[in-house]
*Asks:* 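First, the structure itself, so that you have it in front of you.
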Amino acid sequence: MSTTARKAGFGATLWDYLTTVDHKKIGILYLIGGFFFFLLGGLEAMLIRIQLIAPDNEFISAQFYNEVLTMHGTTMIFLAAMPLIFALMNAVLPLQIGARDVAFPFVNALGFWLFFFGGVMLNVSWFVTGAPDAGWTAYAPLSIFSEGHGVDFYAIGLQIAGFGTLMGGINFIVTVVNMRAPGMTYMRMPLFTWTAFIASVLILFAFPALTVGLFLLTFDRLFGANFFDPSMGGNVIIWEHLFWIFGHPEVYILILPAFGVFSEVISTFAKKRLFGYSSMVFATVLIAFLGFMVWAHHMFTVGLGPIANSIFAVATMAIAVPTGIKIFNWLFTLWGGSIRLTSPMVFALGFIPTFTIGGMTGVMLASAAADFQYHDSYFVVAHFHYVIVGGTVLGIFAGIIYWWPKMFGTMLNEKLNHWFFWLFFIGFHLTFFVQHFLGLMGMPRRYWKFQGEQGLDLFNLISTIGALFMAVGTIIFIYNVIVTQTKGQKVSGDPWDGRTLEWAIPSPPPFYNFKQEPLVRGLDPLWVEKMEGDGKIKPAEPLGDIHMPNRSFVPFVMSLGLFIAGFGVMYQGGYWILAVIGFAITAGSMLYRSFKDDLGYHVHKEDLEDEEGDGSNG
Amino acid sequence: MTDNTNSTNEKQQFYRKKHKEEMKHHVLTFAMMIAFTLIAFGLVLAEVSPMFTIPIIIVLAAVQVLFQLYYFMHMNQEGHEMPALMIYSGIFAAVLTVLALTTIVWW
């Protein structure tokens with residue numbers, strides 16, 4: 001009996017996804033949500049580039065440009081990159097450690113719906129008041145004096161989405177600490193699990209700073225507080241500090257899981273054990289540790305003084321060391337491997353030089369004295385797009401393509417994947433490489449227009465053409481997804497000749513993942529069994545009943561309540577009624593959840609024996 | 001059979017001893033915590049210079065928190081390495097934040 005045999009109706013499928021607590025389905029939800037916002041953010045990027053295609057262009061108005069620019073950054077970081085990373089973590093992490101689900105399946109669903117409603121809230125602003133226009137960093141006092149409700153949407157929308165992210169992070173920490181299969185010691189965890197674990201720790205410690213900052217901003221704007229108003233004894237710099245105390249670990253939250261994806265991909269397609277596994281783990285932890293002591297390098301020109309600037313400059317440069325360790329480990333993994341140039345591998349090979357360029361400009365920017373020249377110029381824009389697009393986005397796509405068969409049971413068309421890669425990759429370098437020079441020539445970032453005959457015309461034109469390439473590449477990817485899913489041709493459980501535990505079960509996995517808890521006998525457990533055993537993972541327990549959580553609609557309702565309440569808090573006056581209704585819905589569903597015993601159910605041993613297949617490879 | 005009963009007896013005795021010890025620790029730390037609180041109140045009542053009182057009270061508070069965590073919330077027992085690591089990392093991140101704000105912004 002397979003779930004695909006009977007085609008469920010649309011309504012039933014929708015209800016299934018609205019109430020699911022299964023990590024694999026939540027992963028798919030994150031993927032859909034994140035990819036939708038990725039396209040939205042990409043559309044905003046295209047508007048920016050079309051506006052800057054020629055000097056003194058009037059394609060969009062200055063105010064609209066500010067809104068598009070702000071929403072591009074906010075959307076891409078919070079609503080595209082983060083959820084896409086959560087999509088991969090949800091889809092793969094429990095499988096990689098041999099768990100049947102995450103530690104708190106209900107909280108996992110709640111995390112997704114909070115992110116979703118936060119993202120929707122941010123984008124509702126387009127239609128009711130104009131989007132936030134103070135930059136994705138929303139520096140005070142600009143964000144305090146910004147008119148309309150745009151920045152209120154930023155503060156409250158991100159607050160709701162941030163709750164979701166925080167819950168997701170805690171969930172994955174507990175999952176990794178408590179739910180590893182027998183034999184899966186810390187130093188046998190696949191590197192993607194390691195990086196996801198460390199990224200979750202960073203989420204746990206970094207997001208509270210954002211939560212506090214956003215609350216201060218909300219109170220300043222909506223309730224007459226004066227945290228950021230110097231005339232009332234406040235201080236605008238507090239926002240900058242709080243934002244970057246969160247914001248810098250945030251960029252490592254984005255990049256570390258991508259590092260993990262590449263470690264898996266490179267090791268699989270070089271057919272070698274990852275070179276220097278323990279030093280990779282060490283480097284990951286070290287990056288996370290140092291990541292908390294470098295935030296002020298975003299603020300060199302604020303006037304912290306030479307001592308503070310020097311400390312943060314040195315700490316920042318220190319991060320190049322563990323990152324360098326990683327780059328060399330990947331190169332050594334490739335060295336002497338029998339390399340297969342599949343599309344995830346091509347993404348990984350494209351990533352290494354691209355990210356290294358971004359790292360080099362990073363060290364340049366870390367020199368506080370030189371930074372006074374680069375600050376707020378297109379050089380910075382080029383730098384962070386090299387590390388975020390060249391690192392995180394390439395990593396996300398490599399991961400999506402690599403684990404697509406595991407998530408959906410189908411295989412994306414390799415030829416189209418290669419087309420996607422080359423168009424995206426060439427387009428990316430066309431767009432952003434020239435921006436280094438635009439920055440050095442003095443073009444400031446965030447500006448609506450630039451003037452002609454200053455030597456900026458040609459490079460801006462090239463940059464826009466590159467952006468078009470990236471757009472075409474993305475469209476090819478969407479086409480590929482649609483074609484693959486309509487064809488629906490199933491592949492085996494292990495199409496890439498994988499090394500880790502997730503490839504030992506069918507694709508897509510049964511809802512309980514592992515019929516019997518797997519026994520892990522080493523790093524790259526499936527590979528160990530392929531080389532030294534019969535290619536099948538040994539069970540660690542006799543076949544028994546499986547305890548599963550019940551589905552629940554409560555997470556959706558709980559998040560919906562906060563969404564409604566957000567509007568009430570924002571518009572106040574007669575709209576307070578919305579806040580009352582919204583908070584009542586949230587509190588009511590929390591009470592309902594607390595008082596109702598929900599102990600889940602058991603899949604019985606007899607039913608498991610009827611299922612086809614032995615739950616192992618193929 | 002006799003062996004078995006013997007070992008159960010030994011086990012029981014071992015646990016009894018352990019529980020007794022634990023009880024002793026509980027009572028001892030509880031008494032110390034009350035003493036600390038009295039000292040803190042006493043310092044304020046006696047109007048000792050704040051430059052002396054404030055750091056003393058903070059130190060006493062920190063020790064009380066550790067007592068709570070280790071003796072009453074059982075962090076001194078095995079299997080609490082991960083929570084301890086997380087708590088100390090969190091304290092590290094928080095202290096770093098407060099330290100930076102006090103030295104860079106408010107000083």
Side-chain angles (χ1 to χ4, degrees), chain A residues 169-170 173-180 186 197-198 200-210 212-213 216 227-228 230 233-246 248-249 285 288-297 299-300 302-309 311-312 315, chain B residues 4 7-8 11 14-15 18-19 22 25-26 29 44 49-51 53-55 57-107:
Chain A
I170 293 170
I173 294 174
V174 180
T175 305
V176 169
V177 172
N178 289 324
M179 313 245 324
R180 282 166 292 128
Y186 280 110
F197 175 53
I198 298 295
S200 303
V201 173
L202 287 179
I203 288 173
L204 174 63
F205 296 140
F207 265 74
L210 178 72
V212 170
L216 298 186
F227 296 108
F228 306 131
N235 191 333
V236 288
I237 302 301
I238 294 173
W239 166 265
E240 284 187 41
H241 276 290
L242 284 175
F243 187 83
W244 287 116
I245 285 169
F246 145 76
H248 202 80
V285 177
F289 177 72
L290 290 173
F292 273 97
M293 313 187 218
V294 297
W295 77 86
H297 68 211
M299 305 164 58
F300 279 151
V302 163
L304 305 176
I307 295 174
N309 275 5
I311 293 171
F312 284 103
Chain B
N4 260 341
S7 79
T8 327
K11 222 185 212 171
F14 173 76
Y15 277 119
K18 211 174 168 191
H19 287 155
E22 208 168 281
H25 286 151
H26 273 135
T29 43
V44 177
S49 124
M51 287 294 283
T53 312
I54 291 171
I57 289 183
I58 289 174
V59 170
L60 290 179
V63 175
Q64 285 209 23
V65 168
L66 289 179
F67 276 166
Q68 280 281 358
L69 288 176
Y70 275 86
Y71 289 100
F72 287 90
M73 298 179 79
H74 302 291
M75 255 175 68
N76 55 350
Q77 291 170 4
E78 264 175 48
H80 290 73
E81 297 80 13
M82 206 31 112
L85 180 67
M86 290 290 162
I87 288 173
Y88 290 121
S89 316
I91 290 173
F92 166 75
V95 165
L96 208 63
T97 305
V98 174
L99 190 74
L101 286 177
T102 44
T103 51
I104 301 178
V105 182
W106 294 318
W107 201 314

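Just so it is clear: chains get the letters A, B, ... in the order the sequence lines come, proteins before strands, and each one is counted from 1.
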*Asks:* Check whether any side-chain heavy atom of A:Ile237 lies under 4.5 Å from a side-chain heavy atom of A:Met299, and answer yes or no.
*Replies:* yes
*Asks:* Evaluate ring pair (Phe, Tyr, Trp, His ring centres under 6.0 Å) for A:Phe289 paired with B:Phe92, printing each intermediate quantity in order.
*Replies:* CA-CA 10 Å; A:Phe289 177 72; B:Phe92 166 75; 5.2 Å; yes
*Asks:* Do you know which of B:Ala93, B:Ser89, B:Ala94 has the most heavy-atom pairs with chain A at a distance under 4.5 angstrom?
*Replies:*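 The candidate making the most pairs under 4.5 Å is B:Ser89.
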*Asks:* In the structure I gave you, are the side-chain heavy atoms of A:Tyr186 and A:Arg180 within less than 4.5 Å of one another anywhere?
*Replies:* yes
*Asks:* Does A:Ile307 have more than 12 heavy atoms from other residues, nucleotides or ligands lying within 6.0 Å of its CD1?
*Replies:* no
*Asks:* If you take all heavy atoms of A:Ala288 and A:Ile198, which pair is closest and at what distance?
*Replies:*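 Heavy atoms only, the tightest pair is CB-CG2, 3.4 Å.
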*Asks:* Where do A:Phe292 and B:Thr97 land on the side-chain contact (heavy atoms from CB on, under 4.5 Å) test, with the steps shown first?
*Replies:* CA-CA 9 Å; A:Phe292 273 97; B:Thr97 305; over 6 Å; no
*Asks:* Where along residues 64-78 of chain B does a heavy atom come under 4.5 Å of chain A, listed by residue number?
*Replies:*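 Residues qualifying by a heavy atom under 4.5 Å from chain A are absent, so none.
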*Asks:* With a 4.5 angstrom heavy-atom cut-off, could you sort out which part of A:Val302 is near chain B: side chain, backbone, both or neither?
*Replies:*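 Neither part, no heavy atoms under 4.5 Å.
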*Asks:* Please evaluate residues A:Leu304 and A:His241 with respect to the criterion side-chain contact (heavy atoms from CB on, under 4.5 Å), reporting the C-alpha separation (whole Å), side-chain torsions for both, the decisive distance (0.1 Å), and the verdict.
*Replies:* CA-CA 11 Å; A:Leu304 305 176; A:His241 276 290; 4.1 Å; yes
